[in-house]
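Quick notes on the structure that follows.
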Protein chains: 2
Amino acid sequence: MFQALADPTRREIVRRLCEGPATVSELSAPFKMALPSFVQHLQVLEQSGLITSEKVGRVRTCRVALERIADAEAWFESLRALWDERFAQLDTLLETLQDEK
Amino acid sequence: MFQALADPTRREIVRRLCEGPATVSELSAPFKMALPSFVQHLQVLEQSGLITSEKVGRVRTCRVALERIADAEAWFESLRALWDERFAQLDTLLETLQDEK
DNA sequence: CGATTGGTTAGGCATGTGCCTAAGTATATT
DNA sequence: AATATACTTAGGCACATGCCTAACCAATCG
């Protein structure tokens with residue numbers, strides 16, 4: 001998942017899809033890149049679960065998988081929890097020191 | 001920054017440092033990896049700003065740079081904002097349709 | 001001072017990644 | 001049916017990445 005987000009093109013794709021579903025053509029338009037290369041990026045994102053896609057006729061429409069984005073975000077929250085826990089321990093220690101004083 | 005977080009070893013390093021500062025030796029102990037390889041990971045993280053390090057004598061101590069972590073987290077928040085904005089627009093549209101009905 | 005410890009530098013390798021071009025398939029339009 | 005459009009498949013290349021070993025430097029310990 002983080003591997004998938006390592007590439008700036010892929011991050012931009014995800015960002016764009018948060019604005020709403022889009023076709024492969026729409027998504028690829030702003031990028032000066034050969035289509036197969038671009039689609040490879042989509043595949044990485046889809047493989048990681050961050051987006052889904054559906055082909056109707058000859059048009060493939062991509063959508064962001066927000067639950068999966070939330071999974072990635074949760075990692076940061078877990079870091080914050082660790083850090084906060086550390087501050088809580090520091091606070092406790094400071095209180096202990098004050099009591100002893 | 002996301003590039004730096006793409007590697008599981010590096011994510012674990014960051015996670016560990018959120019528990020508190022640690023020396024290179026301490027950090028590398030759980031990993032079955034040659035020290036130079038491990039230090040290369042630290043360098044990637046430091047280069048990306050996610051951690052800082054300071055050498056005192058022969059001991060290098062690493063610390064997480066929480067502000068920088070917050071920068072990465074902010075990207076997810078910006079996605080959420082886009083998504084929320086989209087829902088707001090949908091709500092408005094639904095209300096408009098209801099009014100017309 | 002010699003030995004040990006903690007880290008750094010240098011060079012190398014196998015694999016992965018991000019891009020390309022060419023050719024092809026399927027669907028839609030004229 | 002011919003043409004255009006949207007995507008897919010296949011193969012390739014240059015560079016990046018994640019690991020290794022060997023050698024070295026600096027600080028600390030006994």
Side-chain angles (χ1 to χ4, degrees), chain A residues 1-17 19-65 68-69 71-72 75, chain B residues 1-65 68-69 71-72 75 79:
Chain A
M1 186 159 49
F2 284 98
Q3 183 68 31
L5 293 174
D7 182 77
T9 299
R10 291 202 288 274
R11 288 202 293 283
E12 178 55 29
I13 292 169
V14 170
R15 193 205 61 76
R16 166 62 188 79
L17 288 176
E19 294 177 351
T23 63
V24 170
S25 298
E26 290 170 345
L27 287 172
S28 73
F31 298 91
K32 305 292 174 282
M33 188 187 299
L35 190 60
S37 307
F38 187 81
V39 167
Q40 177 64 27
H41 280 304
L42 294 179
Q43 283 169 358
V44 171
L45 285 170
E46 189 150 17
Q47 181 64 28
S48 74
L50 291 167
I51 70 169
T52 59
S53 72
E54 176 185 34
K55 191 166 186 184
V56 178
R58 66 186 181 179
V59 178
R60 180 174 291 280
T61 303
C62 304
R63 294 176 163 76
V64 72
R68 194 76 172 134
I69 303 280
D71 286 348
W75 184 74
Chain B
M1 187 160 49
F2 283 97
Q3 182 70 31
L5 293 173
D7 182 76
T9 299
R10 292 201 288 273
R11 288 200 294 280
E12 177 56 28
I13 292 170
V14 170
R15 193 204 62 76
R16 166 63 188 79
L17 287 176
C18 282
E19 295 177 350
T23 63
V24 171
S25 297
E26 289 171 348
L27 287 172
S28 72
F31 298 90
K32 306 291 175 283
M33 188 186 300
L35 191 60
S37 306
F38 188 81
V39 168
Q40 177 65 26
H41 281 306
L42 293 179
Q43 283 169 359
V44 172
L45 286 169
E46 189 149 18
Q47 182 64 29
S48 73
L50 291 166
I51 70 168
T52 59
S53 73
E54 175 184 36
K55 191 165 187 183
V56 177
R58 66 186 182 179
V59 178
R60 180 175 291 277
T61 302
C62 303
R63 294 177 162 76
V64 72
R68 194 77 170 133
I69 303 279
D71 287 347
W75 184 74
L79 294 191

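OP1 or OP2 of dA16(D) has not a single side-chain nitrogen or oxygen of Q3(B) nearer than 4.0 Å. Neither OP1 nor OP2 of dT8(C) sits under 4.0 Å from any side-chain N or O of Q43(B). OP1 or OP2 of dC19(D) sits under 4.0 Å from a side-chain N or O of H41(B). Regarding contacts with the backbone of dC20(D), a side-chain N or O of S37(B) is found under 4.0 angstrom from either OP1 or OP2.
Of the two residues near DNA chain D, L35(B) and V44(B), the one whose nearest nucleotide lies more 5' is V44(B). The residue among V59(A) and S25(B) whose nearest nucleotide of DNA chain C lies closer to the 5′ end is S25(B). Between V56(A) and Q40(A), the residue anchored nearer the 5' end of DNA chain C, judged by the nucleotide with its closest heavy atom, is Q40(A).
Using the six-membered ring where Trp is involved, W75(A) and F2(A) have ring planes that are perpendicular, over 60° apart on the 30 and 60° scheme.
Straight-line distance from the CD atom of E26(B) to the C1' atom of dT5(C): 14 Å, rounded to whole Å. Rounding to whole angstrom units, CZ of residue F38(A) and C1' of dA6(D) are separated by 14 Å. The distance from atom CG of L42(B) to atom P of dG18(D) is 13 Å, rounded to the nearest whole Å. If you measure from atom CG of L45(B) to atom C1' of dT17(D), you get 14 Å, rounded to the nearest angstrom. Distance K55(A) NZ to dT25(C) P: 13 Å, rounded to the nearest Å. Following rounding to the nearest Å, R11(B) (CZ) and dG18(D) (C1') show an atom-to-atom distance of 14 Å. When the C1' atom of dA26(C) is taken as reference, atom CZ of R60(A) falls 12 Å away, rounded to whole Å. Spacing between atom CG of D7(B) and atom C1' of dG16(C) amounts to 12 Å, rounded to whole angstrom units.
Here the CG atom belonging to D7(B) is positioned 8.5 Å from the CG atom belonging to L45(B), to the nearest 0.5 angstrom.
Evaluation of atom-type donor-acceptor distances gives a pair under 3.5 Å for the side chain of R58(B) against the base of dA27(D).
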query: Between F31(A) and H41(A), is a side-chain contact (heavy atoms from CB on, under 4.5 Å) present by the stated rule, with each step listed?
result: CA-CA 12 Å; F31(A) 298 91; H41(A) 280 304; over 6 Å; no
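Not one N or O on the side chain of R60(A) forms a donor-acceptor pair closer than 3.5 Å with the backbone of V24(A). For the pair R11(A) (side chain) and L5(A) (backbone), a donor-acceptor distance under 3.5 Å is present.
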